[in-house]
Amino acid sequence: MAVFARLWSAEPAPAPPVINAAGGFGSFAVTDLARLRRFLILGVEGGSYYASERKLGLENATAISRLIEAGRGAEVVAEVLAVSLGGRAAKQSPTLFALAMVSRLGDNAARQAAYAAVPQVCRTPTMLFEYLELHMAMSSSSGWGRGLRKAVATIYTDKTADAIAYSVTKYKQRNGWTHRDVLRLAHVKPASPGHQMVLHYATKGEVLPLAPADDGAGPAVLDEGMVKAHGLLTAVEAAKVCEDEAALIGLIAEFRLAREHLPSTMLSSVPVWAALLPTMPLTALTRNLGKMTSIGLLSPLSDATATVVAKLTNAAALKRARVHPFSILVAMQTYRKGCGHKGSLSWEPCPEVVAALEKAFYLSFGTVTPTGKRFVLGLDVSGSMGVNLAGSCVTAMEASAAMAMVVARTEPRCHPMGFSHKLVPTGITAADDLNTVMAKMRSIRMGATDCALPMVWALEQKITADVFIVYTDCETWAGSITAAAALKQYRKKMGIDAKLIVVAMTSGGFSIADPDDAGMLDVVGFDANAPQVMQDFVEGRI
């Protein structure tokens, strides 16, 4: 499945340049499928400078609805799977929303495809509960059809009994849903005696005995799955009320318990966190770096810090865990600040952890090799790029600079530049670390938007470039020539068949790339696959 909006193929050509949300010309309306991809990866949380979160949400929902009404619901599901399974989005809410729309509003084939995708997309109970909330909100009916019941039952029966036990004890309730609610509506039939034990616990809150009791309760036949599930459930119940540090550490080590299994009174213990660390998932690790530093577990040259660094810089582990580059960037910015967005927790950042987070950011994009081409990187530093992305502490301008650094550190012949209504020096070099890059971007005075400036400048200065990459929200409205026209003029006068890649940093419905020009590509900003797609485009493989 393609991971970018190759707008000149696969769909009817959109209308000529339109007025964008900023009231400017020089933008092209993106197709509904392209907009879907932007929405799945970028979401709408926080809105954009010119469009509110609600307005963007409605526009994207309308685009998905048009695809469903056109009989393309199965394509929507395919995009949802590609983004979700590929770890290409930092947040899963947009994929769950789109999947719920198809499962409620699609034709029979589309609904079947959506229900088949539910077990693959809803990989944790948290995601399942959110999907169900959305699914139920999109219809006046409170009943569940056979397709939904089968999809949900698969989640509770296809994994081993001990794996299900781990999930139902770690994620007990979210979005007003509990496992008891779900199991009652899905009519789940246990796949084994072990599954029966886990589902009984989830609905009744009690652990069945392994040996038959005097009253006949408990299983008559034991199997390995049942024994493992029983052990974990018993350990979780013991951990809930455990106040003995050594005993709790023993439970953590034996049964790989997570933070969510432990009583809150024990979550300030350094030895307890040290016991959690070896098996802590990477996503949980990035979220708890501040806590572990604040209590003194993470400090310069400590063994725990060495463990964290090794985990964060393991490329294979990052890929398996689907840790998204944007999530790492947000974690790095938050950790570096020494305090969270909410609450009173504070810490002194450990330099080794900061350096590991930066390395993890680049590793999370995968291996990208240099093309040897000549690149001009145009970073939009206009006022509209000052909005925060996805409700985070990172602005669109800072995020675009971080993405540009992936190219700058890969390609030896690369010239970064900023633009608003005029050219703006950024001072960014390939040797800069991300903190320096962010600081340089924050120091720039913002202005209006003219996305044609990188091409206009290159032509005026007779700069020989093979590729222009423009990082922008596509809300261009200043200047006397469009970006697409400026590129065509550059090609003609310089005699170079230069290409333009537009990296969209918001989920609006516009692009400055001409969809009828095969030498222009529209890429979704912070798609984890974007660097590889851009390389393939530059080298003519797509």
Side-chain angles (χ1 to χ4, degrees), residues 16-17 20 22-28 370-385 396-397 400-401 403-405 407-408 410-430 432 437 440-441 443-505 510-523 534 537-538:
N20 57 39
F25 289 91
S27 297
F28 298 87
T371 65
K373 303 292 185 181
R374 299 162 294 191
F375 286 77
V376 171
L377 307 182
L379 284 76
D380 184 347
V381 295
S382 62
S384 60
M385 291 288 284
M397 184 170 65
S400 66
M403 283 204 71
M405 285 300 294
V407 179
T410 303
E411 299 292 347
R413 307 176 72 183
C414 184
H415 179 71
M417 62 186 303
F419 68 87
S420 54
H421 58 285
K422 61 181 181 180
L423 294 178
V424 181
T426 64
I428 293 174
T429 70
D432 289 338
V437 170
K440 288 180 178 180
M441 295 303 289
S443 69
I444 293 174
R445 179 176 295 180
M446 297 178 173
T449 315
D450 183 0
C451 290
L453 282 177
M455 285 71 73
V456 171
W457 166 81
L459 180 57
E460 289 177 348
Q461 300 298 318
K462 298 295 186 286
I463 302 296
T464 54
D466 302 301
V467 185
F468 294 90
I469 304 180
V470 176
Y471 302 82
T472 178
D473 58 4
C474 299
E475 303 290 8
T476 184
W477 57 275
S480 58
I481 187 172
T482 68
L487 178 68
K488 292 173 183 177
Q489 192 175 86
Y490 176 87
R491 289 170 176 165
K492 181 178 180 180
K493 294 189 176 181
M494 292 293 293
I496 301 173
D497 191 20
K499 295 183 176 182
L500 170 64
I501 299 174
V502 179
V503 183
M505 301 305 299
F510 308 99
S511 173
I512 60 170
D514 184 347
D516 293 321
D517 190 321
M520 301 188 197
L521 177 70
D522 188 66
V523 175
M534 291 158 68
F537 175 70
V538 168

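Since the structure is predicted, the reported quantities are computational estimates derived from the model, not experimental observations.
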* Structure fact -> Sorted by chain and number, sequence neighbours left out, side-chain contact (heavy atoms from CB on, under 4.5 Å) with Leu453 holds for Phe419, Leu423, Asp450
* Calculate, to the nearest 0.5 Å, the distance between atoms CD1 and CD belonging to Ile481 and Gln489 respectively. => 4.5 Å
* Structure fact -> Output for pair (Asp380 CG, Ser400 OG), nearest 0.5 Å, gives 7.5 Å
* N/O donor-acceptor pair under 3.5 Å between Lys373 side chain and Val538 backbone -> no
* Over all atoms of both residues, closest heavy-atom pair of Pro454 and Val470 -> CG-CG2, 4.4 Å
* To do: Kindly give the heavy-atom pair with the smallest separation between Ser382 and Thr449, and that separation in Å.
  => OG-OG1, 2.9 Å
* Compare all side-chain heavy atoms of Met520 with those of Val502 and state whether any distance is below 4.5 angstrom. => no
* Asked: So does Asp514 pair up with Lys488, basic N to acidic O under 4.0 Å?
  -> yes
* To do: Please assess Met505 against Met385 for the test side-chain contact (heavy atoms from CB on, under 4.5 Å), listing each intermediate value before the final yes or no.
  => CA-CA 8 Å; Met505 301 305 299; Met385 291 288 284; 4.0 Å; yes
* Asked: Is there side-chain contact between Leu487 and Arg491, with at least one heavy-atom pair below 4.5 Å?
  -> yes
* To do: Specify the closest pair of heavy atoms between Met405 and Asp432, including all atoms of both residues, with the distance to one decimal.
  => CE-O, 3.4 Å
* To do: Search all heavy atoms of Ala483 against all heavy atoms of Met455 and return the closest pair with its distance.
  => O-CE, 3.6 Å
* Start with the C-alpha gap between Leu379 and Met397, add the side-chain angles, then the distance that decides, and say whether side-chain contact (heavy atoms from CB on, under 4.5 Å) holds. => CA-CA 8 Å; Leu379 284 76; Met397 184 170 65; over 6 Å; no
* Parallel, tilted or perpendicular: rings of Tyr490 and Phe468 (30°, 60°) -> perpendicular
* Asked: Hey, mind stepping through Lys462 and Met494 against side-chain contact (heavy atoms from CB on, under 4.5 Å) and telling me if it holds?
  -> CA-CA 7 Å; Lys462 298 295 186 286; Met494 292 293 293; 3.8 Å; yes
* Enter the distance from Thr426:OG1 to His415:NE2 here, rounded to the nearest 0.5 Å. => 7.5 Å
* How close do Ala408 and Cys414 get, heavy atom to heavy atom, and via which atoms? -> CA-SG, 3.9 Å
* The single option from Ile501, Asp466, Ile469, Thr410 passing side chain to side chain contact (heavy atoms under 4.5 Å, CB included) against Phe375 -> Ile469
* Passes side-chain contact (heavy atoms from CB on, under 4.5 Å), Met534 versus Val467? Steps please. -> CA-CA 10 Å; Met534 291 158 68; Val467 185; over 6 Å; no
* Closest heavy-atom contact between Val376 and Ala465? -> CG2-CB, 3.8 Å
